[in-house]
There are 2 protein chains.
Amino acid sequence: MRMMWEVLVVMLLAIFGKASGGAGGGSSGQMRPCPRGCNDGAGAMDDGVMSYCLSWRVGVETNNVRGWRTVPLQCMSCVENYMVGGQYEREVDMVMEQISTYLSGIVLSDDGMDAWIFDIDDTCLSNLIYYSNKKRFGCDPYDPISFKKWALKGESPAVPAVLKLFRKLVWSGFKVFLLTGRDEATLSQATLDNLHNQGYFGYERLIMRGEAYKGQSAVVFKSEIRKEIEGEGYKIWGNVGDQWSDLLGDSSGDRTFKIPNPMYFVP
Amino acid sequence: MRMMWEVLVVMLLAIFGKASGGAGGGSSGQMRPCPRGCNDGAGAMDDGVMSYCLSWRVGVETNNVRGWRTVPLQCMSCVENYMVGGQYEREVDMVMEQISTYLSGIVLSDDGMDAWIFDIDDTCLSNLIYYSNKKRFGCDPYDPISFKKWALKGESPAVPAVLKLFRKLVWSGFKVFLLTGRDEATLSQATLDNLHNQGYFGYERLIMRGEAYKGQSAVVFKSEIRKEIEGEGYKIWGNVGDQWSDLLGDSSGDRTFKIPNPMYFVP
């Protein structure tokens, strides 16, 4: 009887040891959840889907995937995990590290004509709240009326790392231009207020899309504005945006830096 | 006695059930290994390192991270997993899907002057064998003597998806130009042979870096060649390469397509 109990206790200890070790690998014997990212191991997602969605996201970021209206539906969780799970911030930090390295090699001139350009939406200001609540992280198509309603609230928070860069540039003596495709006629005040309430002040100029530029693609509009800025004598050292249409075209700047954005595409 | 045995049997069954279910989530009760990619759950890698390495890789692909000599050492496993674990192929497939969509909208002219450009190294031909055996997937810096020794063997296999695209373009009537920074004087025959033994024939022209272009950056060299090609009357519809220096500059083509390559950077 006593021996049976001892055998029982030893067996139970051995089996509980196995059960808490878990099934499968890892040097600690514990299976870690997969790290944050487009193929975040949220548990139930198929490997093939996650691999596809990471490829899609990288394709968007490299400008291989263009002209898309919506995020593929099977990638919604992937994009959500990416945007809210920490990988987005990590990738924005990587951009900022590169900018820092670039800045350390720049000697500003005495003429006050050293310029830097920022896009606004999802570069300076984040629309993640809107895209998560109203647009299923980009799985629903752009709706100008709905977006305007959101923008008029002026509640887009700053992208923290970009605000930090902005302040560093202004403090260093760069003339910072904020260049946006937002409609000047309807969103001027709301945009100004939003920028200011998030800490964006001290920029040289806020340039919005006026009547003359309506209907043009962002590349054409922004190229023309940048050419005008250069025409005034400014040297555009850097240009930061979340869309390739912020960064391509003429007078794009000595260096361009793409902020990640898997939620929408602006042609 | 009998009751004790019954209790023991029931407990053992319950505990073995838990043990084979494993520790933690998943709808099947099984913890899947993390999917292939830069943050592949190889088991022992730190989440922070994997997240950093995915950011680094995306930074390289977006041309935010430039001028780097080697892959960060902590990212070696990440790059290895990416290149050999399937995610690289998935991302190349994504590029090919985008090219297919683009091609379906092209109507070739009757004049036989519709052109397409490919880079060679790690676009048409893969140097993964060399980079894995000799260069720790890019953690060791470029060594022209060692690379030349490899290239002279002419053993680089085709990148299968790119070969398939190449054949489709030639069959469709495009004039395909293979444009490489490889040195014409020393690698001409080996490159020709390697291309042919991998199935690359029927191209219009193979253009290598001749004496006149020595010392120039790849962007300058390739821009000049593409301008000459356009000067002959060709229309460059597409341009495919694994380096941003294949795709930037003048006459870059109506569409450019970046093949992933986290192993090295060509300025």
Side-chain angles (χ1 to χ4, degrees), chain A residues 1 4-5 8 11-12 15-16 18-28 30-41 43-48 50-52 54-59 61-66 86-87 90-95 97-99 101-102 255-258 260, chain B residues 1 4-5 8 11-12 15-16 18-39 41 43-48 50-52 54-59 61-67 86-87 90-95 97-99 101 255-258 260:
Chain A
M1 183 71 134
M4 262 182 60
W5 276 114
L8 174 61
M11 284 178 75
L12 287 174
I15 292 157
F16 270 113
K18 178 181 187 322
S20 54
S27 56
S28 63
Q30 291 292 339
M31 194 67 166
R32 294 171 298 101
C34 297
R36 305 158 291 177
C38 195
N39 55 347
D40 185 300
M45 203 185 298
D46 178 75
D47 277 8
M50 286 199 278
S51 179
Y52 172 83
L54 178 57
S55 308
W56 179 83
R57 180 169 84 73
V58 171
E61 291 305 321
T62 49
N63 207 23
N64 287 330
V65 179
R66 303 184 192 181
Q87 188 62 26
R90 198 61 195 84
E91 288 180 17
V92 173
D93 285 347
M94 178 63 65
V95 182
E97 281 173 36
Q98 303 307 309
I99 294 176
T101 303
Y102 173 58
R255 278 287 291 268
T256 61
F257 298 91
K258 170 84 169 62
Chain B
M1 182 74 133
M4 262 181 61
W5 276 114
L8 172 61
M11 286 177 75
L12 286 175
I15 292 157
F16 270 114
K18 179 179 184 329
S20 55
S27 54
S28 64
Q30 292 292 339
M31 195 66 167
R32 294 171 298 102
C34 297
R36 304 158 290 176
C38 196
N39 55 345
M45 204 185 299
D46 179 75
D47 278 7
M50 287 198 278
S51 179
Y52 172 84
L54 178 57
S55 308
W56 179 84
R57 180 168 83 74
V58 172
E61 291 306 321
T62 49
N63 207 24
N64 287 331
V65 179
R66 305 183 192 182
Q87 187 62 24
R90 198 60 194 84
E91 289 181 17
V92 173
D93 285 346
M94 177 62 65
V95 182
E97 280 173 36
Q98 303 307 309
I99 293 175
T101 303
R255 277 288 292 268
T256 60
F257 298 92
K258 170 83 170 62

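Computed over heavy atoms, backbone and side chain alike; hydrogens, waters and symmetry mates excluded. What you see is a predicted model, and the numbers here were worked out from it, not measured in a lab. To find a chain, count down the sequence lines: A is the first, B the second, and so on, and within it residues start at 1.
- Rounding to the nearest 0.5 angstrom, the gap separating the CE atom in A/M50 from the CD atom in B/Q87 is 10.5 Å.
- Here the OG1-CE distance, from B/T62 to A/M94, works out to 9.5 Å after rounding to the nearest 0.5 Å.
- Both the backbone and the side chain of B/V65 come within less than 4.5 Å of a heavy atom in chain A.
- Without hydrogens or angle criteria, A/R255 side chain to B/N64 main chain gives a donor-acceptor distance under 3.5 Å.
- Contacts between A/T101 and chain B at a heavy-atom distance below 4.5 Å are absent for every atom of the residue.
- To the nearest 0.5 Å, atom CD of residue B/Q98 and atom CG of residue A/N63 are 10.5 Å apart.
- Taking B/E61 as the reference, B/K258 meet the side-chain hydrogen bond (donor to acceptor under 3.5 Å, both in side chains) condition, with sequence neighbours excluded.
- Inter-residue side-chain proximity for A/V58 and B/R57 is flagged as met; some heavy-atom pair is nearer than 4.5 Å.
- Contact annotation for A/Y102: neither backbone nor side-chain heavy atoms come within less than 4.5 Å of a heavy atom of chain B.
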